[in-house]
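Values below: every heavy atom of this structure, side chains too, minus hydrogens, waters and symmetry copies. First the proteins, then the strands, lettered A, B, ... as listed; each starts at 1.
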2 protein chains.
Amino acid sequence: MANIKDVAERAGVSVATVSRVLNGRSPVAETRERVLAAVEELGYRPNVVARALRTARTRTLGLVISDLRNPFFTELADAVEQEARRLGYSLIIGNAGESPEQQDDYIRTLLDRRIDGLMVSSAGTGSAMLREVVAAGTPLVLLDRSVPGVAAPCVRAEGRAALTGLAAHLAALGRRRPAVIVAPAGTPIGDERLELFRAALLAHGIALPPERIGSSPDLSPSGGRQVTRDLLDLAEPPDAVLATDNLMALGALDEVRARGLRVPDDLALVVFDDVPWFAHTDPPLTAIAQPTRELGRAAVHTLLERIEGRPAGSVLLPARLVVRRSCGEPPTH
Amino acid sequence: MANIKDVAERAGVSVATVSRVLNGRSPVAETRERVLAAVEELGYRPNVVARALRTARTRTLGLVISDLRNPFFTELADAVEQEARRLGYSLIIGNAGESPEQQDDYIRTLLDRRIDGLMVSSAGTGSAMLREVVAAGTPLVLLDRSVPGVAAPCVRAEGRAALTGLAAHLAALGRRRPAVIVAPAGTPIGDERLELFRAALLAHGIALPPERIGSSPDLSPSGGRQVTRDLLDLAEPPDAVLATDNLMALGALDEVRARGLRVPDDLALVVFDDVPWFAHTDPPLTAIAQPTRELGRAAVHTLLERIEGRPAGSVLLPARLVVRRSCGEPPTH
DNA sequence: GCTGCGGATGTAATCGATTTCTTGGGGGCT
DNA sequence: AGCCCCCAAGAAATCGATTACATCCGCAGC
């Protein structure tokens with residue numbers, strides 16, 4: 001593979017001149033053309049590794065995601081990747097599989113590769129490694145999940161408006177005994193959703209007692225199914241369920257079907273994260289849609305601000321209530 | 001961030017000695033310990049970029065996938081990533097979004113980054129860039145989709161046994177008018193599945209006439225729905241449908257529901273690719289499961305063989321028929 | 001006691017780019 | 001005509017590692 005020296009020789013100039021032509025500095029028309037011709041003829045492409053060593057910029061970003069197989073995160077990763085590429089950056093995606101150790105391990109690898117910046121959708125609670133990243137001065141942006149004690153901007157969605165709308169929707173349809181399936185204890189974002197929902201329900205005089213809040217052992221269909229089983233076994237079972245993650249909602253649907261119950265007649269079901277599949281279930285599920293692609297784009301932009309040394313704050317984008325038919329009464333339009 | 005020189009100074013040795021200690025060559029116990037102590041104290045981590053420049057090995061692999069949001073490919077990518085990492089390699093994932101231009105663009109970027117090897121699940125038909133990769137001597141492995149004219153090992157699943165089993169299954173259940181939804185014309189793997197299925201049906205005396213083969217304009221739910229609409233509008237509509245991709249199957253399910261038909265009573269439905277979701281549809285879908293994770297692992301292993309200069313052939317892994325309830329008659333066990 | 005060998009370690013070249021410093025020549029101003 | 005300035009372009013330093021080659025040492029064999 002041709003290198004810059006080959007090009008210089010062929011064009012009869014020095015390597016410095018070649019570099020300058022390619023980086024758009026100084027040289028004059030005639031020399032410039034000779035160089036470009038040589039580049040063309042040799043099919044020369046600059047060695048990104050050498051450039052990175054010299055400039056200390058790799059033009060690579062890292063993204064550590066908590067679970068790549070969760071379709072919400074898949075779409076998020078896809079959005080991040082596209083935006084990064086559009087802006088001339090490559091992306092290395094690391095999958096933490098909801099394991100903090102694996103997450104730290106991956107962050108280590110990414111730092112070793114001298115990525116220019118890092119986005120993390122953190123698994124579990126705090127992480128010593130994240131604090132280390134900040135201390136080392138590597139630009140960091142938290143994605144979807146904020147981490148207490150880590151001084152970095154966080155890009156995520158907030159559900160106040162959507163949950164307020166949802167409470168009104170449920171109240172209007174006469175649902176009085178809502179339940180919530182929340183993520184494993186300690187996930188800050190899950191707790192926040194719960195509290196916002198509780199407040200929104202209260203405005204309609206609807207209570208959310210502790211026994212109708214089920215905490216799943218993990219973010220999976222089977223966890224969601226287990227919690228749903230317990231909820232339906234209550235003396236006063238709920239007439240509506242909000243799942244705070246899409247995988248857990250799948251499990252809820254399974255349990256409901258297994259009991260021969262029907263959605264929405266016997267139970268209303270609402271899911272957080274509007275992944276494409278939920279438009280294809282029977283019935284189509286009412287969902288709280290996070291602005292996934294916008295989140296991805298915002299994360300990249302925020303990170304680039306930090307990389308270029310500008311200060312950048314957190315970003316909160318509103319989630320949207322998407323009414324389908326899983327709470328009863330089809331939308332009127 | 002500390003570099004090798006800092007470590008050398010602190011340990012009172014030369015950089016060469018530090019390098020040798022860290023790479024497990026020669027030095028004697030006493031020196032060795034001084035170096036390791038210095039590494040520890042400074043929190044030294046070798047600069048991967050510099051190492052890559054010198055050794056001409058980046059320990060990074062590239063994976064270009066045709067559509068990251070298709071759950072089959074998501075799982076494939078996840079499997080590849082895990083195996084690569086286990087073997088000490090990082091992975092850069094590129095999403096071609098089923099566009100050949102974007103695919104070529106991405107391959108270009110990956111070559112520029114001097115990845116050690118490349119895996120491609122090619123979008124569309126042939127590609128000049130792929131031939132260029134081979135010509136440039138970069139180790140290449142084709143994944144899931146073979147590309148005519150490109151001399152590289154291909155790792156994919158083959159469906160003979162599964163489709164033979166499926167034909168028998170359908171015949172046993174009395175389905176006589178099967179239909180197939182195939183991917184856009186020219187996708188070699190779709191054609192192969194079609195021909196294998198046709199042959200398997202023939203063994204049971206069941207024909208697969210051209211009008212019951214619907215070609216979708218793209219790999220999407222709406223494409224699948226459109227094709228299903230046409231199939232159901234036939235004078236003699238099919239009593240079973242095989243979708244050769246999971247997204248198209250979703251669209252088929254939509255159309256069936258919209259017409260108030262029931263699966264499996266009115267129509268049997270079988271899907272290629274057993275993504276987790278299909279166990280949660282109503283009814284759970286009978287599927288042809290590709291050994292996704294094994295494919296991912298095999299791809300990485302094959303690629304590493306090539307990287308290390310050993311010859312490596314193609315890998316064909318058998319797909320499995322997973323009987324659920326979408327063709328009627330629940331499995332007996 | 002000299003030669004030679006090998007093990008531990010240092011010196012310096014190298015990978016391929018960017019960038020600083022230097023040089024030389026041409027043109028404008030007085 | 002002389003001076004200065006500026007601009008194009010080359011020479012060489014640099015990034016941080018690996019590694020070929022050189023050096024120095026002690027010890028064994030004759």
| Do Lys5(A) and Glu9(A) sit within salt-bridge range, that is, some charged N less than 4.0 Å from a carboxylate O? |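 So Lys5(A) does not pair with Glu9(A) through a salt bridge.
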
Do [X] and [Y] meet the criterion of a side-chain donor-acceptor pair at a distance under 3.5 Å?
X         : Y         : answer
Ser19(B)  : Asn23(B)  : yes
Asp144(B) : Ser121(B) : no
Ser90(A)  : Arg85(A)  : no
Thr74(B)  : Arg69(B)  : no

| field | Annotated protein contacts, base or backbone, on nucleotides 17-24 of chain D with a non-hydrogen cut-off under 4.0 Å, one of B, S, - each | value | BBBB----

Among all residues two or more places apart in sequence or in another chain, which pass the side-chain hydrogen bond (donor to acceptor under 3.5 Å, both in side chains) test with [X]?
X         : answer
Arg293(B) : Asp78(B), Gln82(B)
Thr292(A) : none
Ser14(A)  : Thr17(A)

| So what is the end-to-end bend of the helix from dG1(C)-dC30(D) to dT30(C)-dA1(D), with 5 pairs used at each end and the value given to 10 degrees? |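 Here the local axes at opposite ends form an angle of 60°.
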
| task | Considering only heavy atoms of chain B and a distance under 4.0 Å, specify the first and last nucleotide of DNA chain C in 5' to 3' order that meet this criterion. | result |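 Both ends considered, the range comes out as dA8(C) to dG16(C).
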
| said: With rounding to the nearest 0.5 angstrom, report the CD1 to CZ distance, Ile307(A) to Arg57(A). | reply: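 Atom-to-atom, Ile307(A):CD1 and Arg57(A):CZ are 6.5 Å apart.
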
| Checking all strands, does Val13(B) fall into the base, sugar-phosphate, or nothing category for heavy-atom contacts under 4.0 angstrom? |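 Sugar-phosphate contact only.
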
| Interatomic distance where CD belongs to Glu30(A) and C1' belongs to dA9(D) [whole Å] |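 So the CD-C1' distance, Glu30(A) to dA9(D), works out to 13 Å.
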
| query | Under the criterion side-chain contact (heavy atoms from CB on, under 4.5 Å), which of Ile65(B), Val64(B), Leu91(B) is the partner of Met119(B)? | reply |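 Running side-chain contact (heavy atoms from CB on, under 4.5 Å) over Ile65(B), Val64(B), Leu91(B) with Met119(B) returns exactly one hit, Leu91(B).
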
